[in-house]
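Values reported hereafter were calculated over all heavy atoms of this structure, with side chains retained and with hydrogens, waters and symmetry mates removed.
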Amino acid sequence: MMKVLISDFDGTLYINEDDVKNNAKKIEDFRKGGNIFIISTARNYSAIKKACLKYNIDVDYFFCDIGATILDNDGKVLYSEYIKEFERKKIEEILEKYSKEIVIDRYGTNDRQAKGEKGIVEYKIKGNINDLSKLKQIIDKEIKDVRTQVTEDSRFIIHTSTKEKVIETFIKNTNIEKGSIYTVGDELDDLEMLKKYNGYRMEHCNELVGDTISNKVASVSELIDSII
């Protein structure tokens with residue numbers, strides 16, 4: 001039976017230069033065997049495609065922007081879940097009050113968007129951790145249909161989907177069987193997809209992920225060896 005491997009990128013597919021090169025070779029063999037390889041990432045398409053070209057990683061699909069966008073290997077958008085316009089306007093009003101203290105990046109389906117443009121799937125905001133935490137509290141209270149998180153590297157992310165949810169969308173629009181899907185990751189963004197879809201965690205992972213997911217691997221190449 002054909003297998004589908006969905007991998008996080010940072011801290012999973014890429015740990016260091018040697019690791020990612022070994023993974024790329026295994027992915028090539030995996031795909032030659034008639035299997036499907038997908039990267040699921042918080043990065044936008046432009047950033048992750050650049051990394052894949054650098055390390056010669058062959059990919060069938062990209063799940064970008066924490067699940068808000070599905071693209072094929074050529075960058076064709078197959079699915080996108082934009083922040084609704086009335087929510088976007090409310091977000092912009094809130095962010096404007098903090099504009100002097102923060103740096104705001106707005107992303108569309110494959111690149112950064114200019115201020116005020118429609119078609120935003122994700123905000124990534126940099127600033128003081130206290131300001132970002134305050135922003136999260138405000139956004140969570142004012143806007144119910146977006147997802148938010150403050151990361152350890154002092155970024156505040158506003159987005160519309162999850163890595164687990166985008167797999168559900170992918171299954172509905174393909175003939176892929178749930179049992180054929182394997183997932184691997186290391187951070188909280190990955191946890192729900194790991195719990196639901198034959199999940200493996202990296203040895204060095206978020207503590208909660210480690211406490212929740214028992215299957216572990218040292219690399220993506222090790223996981224590929226175990227499932228083919």
Side-chain angles (χ1 to χ4, degrees), residues 2-15 17 19-21 23-85 88 104-125 146-147 155 157-176 180-185 187 189-190 193 197 220 224:
M2 179 194 71
K3 295 179 173 62
V4 180
L5 177 54
I6 302 174
S7 174
D8 172 51
F9 187 78
D10 296 289
T12 302
L13 185 57
Y14 180 91
I15 297 175
E17 296 286 317
D19 178 71
V20 72
K21 290 175 183 177
N23 291 336
K25 293 176 183 177
K26 284 292 182 181
I27 291 165
E28 182 180 3
D29 294 338
F30 182 73
R31 295 179 70 247
K32 283 181 178 178
N35 303 301
I36 293 174
F37 182 73
I38 299 169
I39 291 178
S40 184
T41 179
R43 296 193 188 197
N44 70 342
Y45 173 76
S46 297
I48 194 62
K49 183 65 174 182
K50 183 178 179 180
C52 288
L53 290 172
K54 179 178 179 179
Y55 297 112
N56 296 312
I57 303 169
D58 293 322
V59 180
D60 293 288
Y61 300 97
F62 295 94
F63 297 167
C64 294
D65 312 303
I66 318 182
T69 316
I70 300 175
L71 308 99
D72 65 16
N73 192 40
D74 295 321
K76 180 181 178 181
V77 177
L78 306 177
Y79 170 82
S80 56
E81 187 172 338
Y82 298 109
I83 295 174
K84 297 180 179 66
E85 185 173 359
R88 177 181 59 79
I104 307 167
D105 287 335
R106 301 164 176 86
Y107 290 96
T109 52
N110 58 16
D111 212 340
R112 187 174 301 179
Q113 295 283 325
K115 181 177 179 180
E117 281 195 44
K118 297 180 181 179
I120 293 177
V121 295
E122 183 180 51
Y123 289 82
K124 289 183 179 178
I125 302 157
V146 296
R147 301 173 187 273
R155 289 186 304 161
I157 301 175
I158 306 170
H159 57 104
T160 57
S161 191
T162 66
K163 291 187 176 185
E164 180 257 342
K165 185 179 176 183
V166 74
I167 297 175
E168 293 179 3
T169 301
F170 182 70
I171 289 173
K172 288 177 182 177
N173 290 280
T174 63
N175 294 319
I176 302 298
S180 69
I181 297 174
Y182 294 78
T183 58
V184 59
E187 280 294 345
D189 281 344
D190 307 311
M193 77 170 184
Y197 298 99
V220 171
I224 289 174

Exercise. Do I176 and M2 touch side chain to side chain, with heavy atoms closer than 4.5 Å?
Worked result: yes
For this session: Would you tell me whether N56 and K21 have side-chain atoms, one donor and one acceptor, within less than 3.5 Å of each other?
Result: no
Exercise. Do you know which two heavy atoms are closest between S40 and I6, and how far apart they sit?
Worked result: CB-CG2, 3.7 Å
Exercise. If every non-hydrogen atom of R147 is compared with every non-hydrogen atom of S161, which pair is closest and at what distance?
Worked result: CD-O, 3.1 Å
Problem set entry | Pairing residues for F37 by the ring pair (Phe, Tyr, Trp, His ring centres under 6.0 Å) criterion, not counting sequence neighbours | none
Problem set entry | Heavy-atom donor-acceptor pair, D60 side chain to I36 backbone, under 3.5 Å | no
For this session: Taking ring pair (Phe, Tyr, Trp, His ring centres under 6.0 Å) as the test, write out the residues that go with Y61, two or more places apart.
Result: F170
Exercise. What distance separates I66 CD1 from K163 NZ, expressed to the nearest 0.5 Å?
Worked result: 7.5 Å
For this session: For D29, enumerate each residue passing the salt bridge (charged side-chain N to carboxylate O under 4.0 Å, His left out) test, keeping only those at least two apart in sequence or located in another chain.
Result: none
Problem set entry | Contact summary for L5 and I224, nearest pair of heavy atoms | CD2-CG1, 3.6 Å
Exercise. Going through the distances and angles, do K165 and E168 end up as a salt bridge (Lys or Arg N to Asp or Glu O under 4.0 Å)?
Worked result: CA-CA 5 Å; K165 185 179 176 183; E168 293 179 3; over 6 Å; no
Exercise. Got a second to check how far I39's CD1 is from Y45's OH, nearest 0.5 Å?
Worked result: 10.5 Å
For this session: With sequence neighbours left out, write down each residue that passes side chain to side chain donor-acceptor pair (under 3.5 Å) with D72, or none if nothing qualifies.
Result: none
Exercise. Distance under 6.0 Å and angle within 45° of the ring axis: does K3 meet both against Y182?
Worked result: no
Seminar exercise, completed: D65 meets the salt bridge (charged side-chain N to carboxylate O under 4.0 Å, His left out) criterion, sequence neighbours left out, with none
Problem set entry | Heavy-atom side-chain contact between I83 and E122 under 4.5 Å | no
For this session: Please name all residues satisfying side chain to side chain donor-acceptor pair (under 3.5 Å) with D58, sequence neighbours left out, ordered by chain then number.
Result: none
Exercise. Is there a side-chain contact between I57 and Y14, using heavy atoms and a 4.5 Å cut-off?
Worked result: no
Exercise. Between I38 and V59, which heavy-atom pair has the shortest distance, and what is it?
Worked result: CA-CG1, 4.3 Å
Problem set entry | Sub-4.5 Å side-chain heavy-atom contact between D189 and D8 | no
Exercise. Going by heavy atoms in the side chains, are F30 and V220 under 4.5 Å from each other?
Worked result: no
Exercise. Does any non-hydrogen side-chain atom of T169 lie less than 4.5 Å from one of K172?
Worked result: no
For this session: Check T183 against M193 and note the closest heavy-atom contact, atom names and distance.
Result: OG1-O, 3.3 Å
Exercise. Say you draw a straight line from OH of Y82 to CD1 of I120; how long is it, rounded to the nearest 0.5 Å?
Worked result: 11.0 Å
Seminar exercise, completed: Between C64 and R43 the two heavy atoms that sit nearest each other are CB-O, 3.3 Å
Exercise. Under 4.0 Å between a Lys/Arg side-chain N and an Asp/Glu carboxylate O for E85 and R88?
Worked result: yes
For this session: Answer yes or no: is there a side-chain heavy-atom contact under 4.5 Å between Y79 and N173?
Result: no
